[in-house]
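To keep things clear, I will list the structure first and then write my remarks on it.
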Amino acid sequence: MSMAFMKLKKRRDSSRVVLIAGRVGAEKMNQGMKTQCPFCSVQCKMQLIEKKNADEPSTYKAIGTPNAASEGRLCIKGIYAHQHALSEERILHPMARRDGQYVAITWEEAYTLMASKFTELQTQYGQDVVGVYGGGSLTNESAYLLGKFARVGLKTKYIDYNGRFCMSAAASAGMKVLGLDRGLTNPLSDIALASCIILAGTNIAECQPTIMPYFTRAKAKGAYLIAIDPRETGTTRMADLHLKVKPGMDAALVNGILKVIVEEGWIDAAFVQQRTKGVEALLAHLETLEMNEIVELTGISAALIREAAQAFSQAATGMVFTARGVEQQTDGHMAVRNFLNLLLLTGNFGKPGCGYGAVTGQGNGQGGREHGQKADQLPGYRLIENPEDRSYVASVWGIAPSELPGKGVSAYEMMQKVQEQEIRGLFVMASNPIVSNPNASLVEEGLRKLDFLVVADMLMSETAQMADLVLPVSAFLENEGTLTNFEGRVLLREASRSAPGEAKHDWEILCKLAVKLGRGAYFPFTSAEGIFDELRLASRGGVADYYGITYERLRDDEGVYWPCPELGHLGEKRLFETSFAHTDGRAELSVVHNHVLSEQVSDDYPLYLTTGRTLVHYLTGEQTRRSESLAQREMESFAEIHPSTAQRLHIEDGALMKLASRRGAMIVRCRYSDNIREDMVFVPMHWGGAQNVNKLTHPALDPTCRMPGFKICAVHVSGLHSAAMSV
């Protein structure tokens, strides 16, 4: 069935989509299915209630269930999450492209085709000619097995995942400064204990709305909230102070705050002396900075910078939260390190109401990066280039350390190697790289050059539509496994129904394919729990130590924080109470220079474009655009622009407009907003095709973590009547 036909059918019969979907699968669904939301990193627990009607298809209602993170709340995405899982558009059979059309084939034929094509390519071009591209929505078990499959099954060094675009800046900064990367260094309950909170580049009100009550409680207790964002959002409207910083200038803004704190003597000298290193270099650097230059760079007055500095440094307890607005920059790694400088100089670590939170975007963005999907990592956050780490993991896997490949490259760099045909075969699992990567036109061009593309997904994403082989996988209602929320709390999501048609679990596909490749002895698993038991062992002694966590404990305790090194260990809710995770126990202060944007505005491209999310959609929209109840709230993309800017360009509210960068163009509907700076435009990231904003974004990467600079590129904007029609 073509995508065009499926979309037409949905429009024609939209009121019946959810009801019809209830009939997908071979068996009736039981009432009261226990599960958890598949979307953001809060991982809200919920129950899906089926109402059976005598002569009509079943209807469904999702309700939140009590849990320590969301406390029983669900946002609108969670309420309707089941709709894409129950959709008619689910892929039900393996499909191979033949003569330009997809033809259903058996699983045996699919495994044989994959094994033969990958083997043929590797025989001709070498082991690394095949790449593996994963996703941050995979369970810990599937993420772990995908990393093992790439290195032991295919013996390729090229594996990375879409979480590179989510958490890599904060993760690498946490490892460098603190010696450990966990999304939140404290439990969520600590938020209410903070006297001052900085929310930088994070729109929790729309992206993680079920945790907003933690911040409103803090405010009710007198907490002072500082929001740093070029746009006004539901989150900034809650703040006592909104610093409407120029795009990409977060690190410079923190330098200004630090300069004031140091000059006024507002640092926690005892904490700095006892628990940090590198303070002399940082103080010398701050002394060289000119406040006038920082004001010019950031667009924030010296008075407001001083107000923020005083509020945070004088508060009894303080927390900082960052998200993609700070991290999806070409200096994201160093910008996060500067926010960590702020916490360290003021002594805000290791105590109730004090700490750092990187607000993870994807459902398992935390666990997905801990167990081997990243190019440079092995399970337990071990490093693939560290001889001791290689030796330990190899011993768990039953191979020689020399058999493990070396470090590969980041996700976007993999797409560059695809375009250059250094990678000629690609296995994509639970990701949609044609929409999620920057410079998307180059990515699409590269994917068309592949000799063999396999996509494992539940729905026909834009990437799946280009595949030579499409494999149907189970959805969140059907796939048992663990996920780690952004607190570092490991949760068990049990399966509630059987997968429809011939769909299989991700890990089942990997095990069966390994058999076809002659590597089945290393993949003997028959359950997700069996995989988790090996993951526990592989992570033992690593930074992300899951050894003491078992399915039994997760069922009894709801969730367990890592690190949890032994059975019976309670897990560490609050990190760094007595020391940091470096061998000397000290955190590392950093010299962070004011950033120069990788692409500046000009006469030809006079506005900055930034991207982000909306309340009702998630990531590339592959799932939420299949939910009628969500899609009808945002049917198409839009460009948010200040009325003064739009009127100067003679663009009316609601009219079509063209955005063009040095890499591509798109046509989108104009949406006036007083909440945005006059020198920028905002476009959400949830649509593909002609509305794919990543056709415009800049491919420059952070030099440390290889995060693309999604948040800033220079664009030209014009009304459609005066714009060229080619996109």
Is it true that Phe165 and Phe710 have ring centroids separated by less than 6.0 Å?
->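 Distance test on ring centres: under 6.0 Å, yes.
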Note: Arg306-Glu264 ion pair, threshold 4.0 Å (strictly below) | yes
Is the shortest side-chain N to carboxylate O distance from Lys219 to Asp240 below 4.0 Å?
->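 Salt bridge flag = yes for Asp240 with Lys219.
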Among side-chain atoms of Arg586 and His582, is any donor-acceptor pair under 3.5 angstrom?
->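 Absent: no donor and acceptor within the cut-off.
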Measure from the side-chain N and O atoms of Asp389 to the backbone N and O of Arg382, and report whether any donor-acceptor pair falls under 3.5 Å.
-> no
So, does Asn338 use its side chain to make a donor-acceptor pair with the main chain of Ala251 at under 3.5 Å?
-> yes
Nearest 0.5 Å please: distance from the [atom1] atom of [X] over to the [atom2] atom of [Y].
| X | Y | atom1 | atom2 | value |
| --- | --- | --- | --- | --- |
| Met334 | Lys176 | CE | NZ | 9.0 Å |
| Phe349 | Thr276 | CZ | OG1 | 11.5 Å |
| Ser436 | Tyr161 | OG | OH | 12.5 Å |
| Arg489 | Leu554 | CZ | CG | 11.0 Å |
| Met167 | Ser41 | CE | OG | 7.5 Å |

Look at the aromatic rings of [X] and [Y] and report parallel, tilted or perpendicular, splitting at 30° and 60°.
| X | Y | result |
| --- | --- | --- |
| Tyr618 | Phe39 | tilted |
| His285 | His593 | perpendicular |
| Phe580 | Phe271 | perpendicular |

Could you go through the salt bridge (charged side-chain N to carboxylate O under 4.0 Å, His left out) check for Glu232 and Arg237 one step at a time?
-> CA-CA 7 Å; Glu232 184 176 326; Arg237 283 188 282 273; 3.5 Å; yes
Out of Phe215, Phe339, Tyr356, which residue meets the ring pair (Phe, Tyr, Trp, His ring centres under 6.0 Å) rule with Phe321?
->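 Option passing the ring pair (Phe, Tyr, Trp, His ring centres under 6.0 Å) with Phe321: Phe215.
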Can you tell which of Lys711, Gln328, Arg677 makes a side chain to side chain contact (heavy atoms under 4.5 Å, CB included) with Thr610?
->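 That would be Lys711; it is the only one of Lys711, Gln328, Arg677 passing the side chain to side chain contact (heavy atoms under 4.5 Å, CB included) with Thr610.
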